[in-house]
Amino acid sequence: MVGQPRFTLFSLINGFLLICVAMATLYPVWYIFVVSLSDTAHVVQGKVFLWPKGLNLEAYREVLEDSKIPRAYLNTIFYTTLGTTINLLMTAVAAYPLSHKDFFGRKWFMLMIVLTMFLNPGIIPNYLLVQKLGMIDTFWALVIPNAIWTFELIILKSFYESMSSSIREAARIDGASEFRILFSIIIPLAKPALASIGLFYFMGHWNSYFLPMIYLNDSVKYPLQVVLRDMLIFNEGNRSNLVDAAALAPQALKNATIVLSMIPVLMIYPFAQKYFAKGVMLGAEKG
């Protein structure tokens, strides 16, 4: 009958493979959550598999009562919010002139920008530059050197190029400046692309631990990922109370911290994932 779903061998195999991929992707996240709720003795004995054993919320209480984790959590939220905002603003502004075919030196600018993807000077020159600018041990060291990511700039530039030039020409005839065209017309029409690259920016800042570890000296300014790294790697007795507790009951405490660090991503991703499919290919004009 027309309209009825047809189950073919290909669809069955494809569905089975997708289910396997989904389980392989989701199980590590579920296991971390289960371990965070389980008693450490059961975890060490290898009895935890799909469901918590010896339900215990002590790990979450220990994590939330220690001042280091909430402070690092707020630091991460601040760095991520500020960094993503600067990233989107700078990328939107930089991609606009590069999308004009009559922009003088467009090809040379794009060549120099693309070369940065292949010719990375390394951490030492970057550190010396940040040091000369006086940004060591400040939050600016985490957001200013990475204000624009090359790949995201190319994506947004391509999206701008897919827009019809008649929109900009009509705005210029009406007397609108380039800044007015960009912020009043182009950026509102580019919301799908901005949301798509914004999620990449968000994930990059939220998961960043290497740059804060290099540029930040004061532990009060550490983001959550650096604190979590210390918990996972170091167990010296001269660390904070939380790390001492992690040495006694490592699995539950570490996994509880990981679960708390995933909450913002799990909350934001469902609202932004729809832009992945259409963020780059969706046309800017309607009807």
Item to check | Same apolar cluster: Leu111 and Leu153, side chain cutoff 4.5 Å | outcome: no
Checklist outcome for this item: What one should report as the nearest heavy-atom pair of His100 and Tyr96 is ND1-O, 2.8 Å
Next on the checklist: Would you compute the distance between atom OG1 of Thr150 and atom CD1 of Ile155 and round it to the nearest 0.5 angstrom?
Outcome noted: 11.0 Å
Checklist entry - Rounded to the nearest 0.5 Å, how far does CG of Leu211 lie from CG of Asn146? => result 5.5 Å
Next on the checklist: Counting only heavy atoms not in Met90 (residues, nucleotides, ligands), do more than 12 fall under 6.0 Å from its CE?
Outcome noted: no
Item to check | Aromatic ring pairing Tyr31/Tyr27, orientation class (parallel under 30°, perpendicular over 60°, tilted between) | outcome: tilted
Checklist entry - How far apart are the closest heavy atoms of Thr84 and Phe202, and which atoms are they? => result OG1-CA, 3.6 Å
Item to check | Spacing of Leu129 atom CG and Ile124 atom CD1 [to the nearest 0.5 Å] | outcome: 14.0 Å
Checklist entry - Are any side-chain N or O atoms of Thr25 and backbone N or O atoms of Val21, one a donor and one an acceptor, separated by less than 3.5 Å? => result yes
Checklist entry - Within the side chain of Asn207, is there an N or O that forms a donor-acceptor pair under 3.5 Å with the backbone of Met203? => result yes
Checklist entry - Linking I/L/V/M/F/W/Y whenever any side-chain heavy atoms sit under 4.5 Å apart, do Phe151 and Phe118 land together? => result yes
Checklist entry - Using the ring of each side chain (for Trp, its six-membered ring), is Tyr215 parallel, tilted or perpendicular to Tyr127, with breaks at 30° and 60°? => result parallel
Next on the checklist: What's the separation between atom CH2 in Trp149 and atom CD1 in Ile154, rounded to the nearest 0.5 Å?
Outcome noted: 14.0 Å
Checklist entry - So if you build clusters from Ile, Leu, Val, Met, Phe, Trp, Tyr with side-chain heavy-atom gaps below 4.5 Å, do Val220 and Ile77 land together? => result no
Item to check | Co-membership, hydrophobic cluster, residues Leu142 and Phe78, 4.5 Å side-chain | outcome: yes
Checklist entry - Relative to the ring of Phe183, is the ring of Phe179 parallel (under 30°), tilted (30 to 60°) or perpendicular (over 60°)? => result parallel
Checklist outcome for this item: Closest non-hydrogen atoms of Val226 and Met213, given as atom of the first, atom of the second and distance, are CG2-N, 4.2 Å
Next on the checklist: Looking at every non-hydrogen atom in both residues, tell me the closest pair between Ala92 and Ile187 and how far apart they are.
Outcome noted: CB-CD1, 4.0 Å
Next on the checklist: Would you call the rings of Tyr79 and Phe139 parallel, tilted or perpendicular, taking 30° and 60° as the class edges?
Outcome noted: parallel
Checklist entry - Are the side chains of Pro223 and Leu216 in touch, meaning some heavy atoms are under 4.5 Å apart? => result yes
Item to check | Trace of the side-chain contact (heavy atoms from CB on, under 4.5 Å) decision for Ile167 with Leu189 | outcome: CA-CA 11 Å; Ile167 300 178; Leu189 291 175; 4.0 Å; yes
Checklist entry - Is Arg106 paired with Glu161 through a side-chain N to carboxylate O contact shorter than 4.0 Å? => result yes
Checklist outcome for this item: d(Thr138 OG1, Lys221 NZ) to nearest 0.5 Å is 7.0 Å
Next on the checklist: Main chain of Trp206, side chain of Thr76: is a donor-acceptor contact present, judged purely on distance under 3.5 Å?
Outcome noted: no
Checklist entry - Closest approach of Lys157 and Ser99, non-hydrogen atoms and distance? => result O-CB, 3.9 Å
Checklist entry - Are any non-hydrogen side-chain atoms of Ile186 and Arg168 less than 4.5 angstrom apart? => result yes
Next on the checklist: Could you check whether any side-chain N or O of Asp218 sits under 3.5 Å from a backbone N or O of Asp137, counting only pairs where one atom can act as donor and the other as acceptor?
Outcome noted: no
Checklist entry - At what distance, to the nearest 0.5 angstrom, does CD of Glu152 lie from CG of Leu88? => result 10.0 Å
Checklist entry - With no hydrogens and no angle check, is any side-chain donor or acceptor of Ser162 less than 3.5 Å from a backbone partner on Phe159? => result yes
Checklist entry - Passes side-chain contact (heavy atoms from CB on, under 4.5 Å), Phe109 versus Phe103? Steps please. => result CA-CA 10 Å; Phe109 281 117; Phe103 178 60; 3.7 Å; yes
Checklist outcome for this item: Between Ala193 and Leu156 the two heavy atoms that sit nearest each other are CB-CD1, 3.9 Å
Next on the checklist: Can you confirm whether Asn87 sits close enough to His205 that some side-chain heavy atom of one is under 4.5 Å from a side-chain heavy atom of the other?
Outcome noted: yes
Checklist entry - Should Leu119 and Leu128 be counted in the same cluster of Ile, Leu, Val, Met, Phe, Trp and Tyr side chains packed under 4.5 Å apart? => result no
Checklist entry - Can you name the residues that form a ring pair (Phe, Tyr, Trp, His ring centres under 6.0 Å) with Trp140, not counting sequence neighbours? => result none
Next on the checklist: Looking only at the side chains, is there a donor atom on one of Tyr201 and Thr91 sitting less than 3.5 Å from an acceptor on the other?
Outcome noted: yes
Item to check | Listed partners of Arg172 passing salt bridge (Lys or Arg N to Asp or Glu O under 4.0 Å), at least two apart | outcome: Glu178
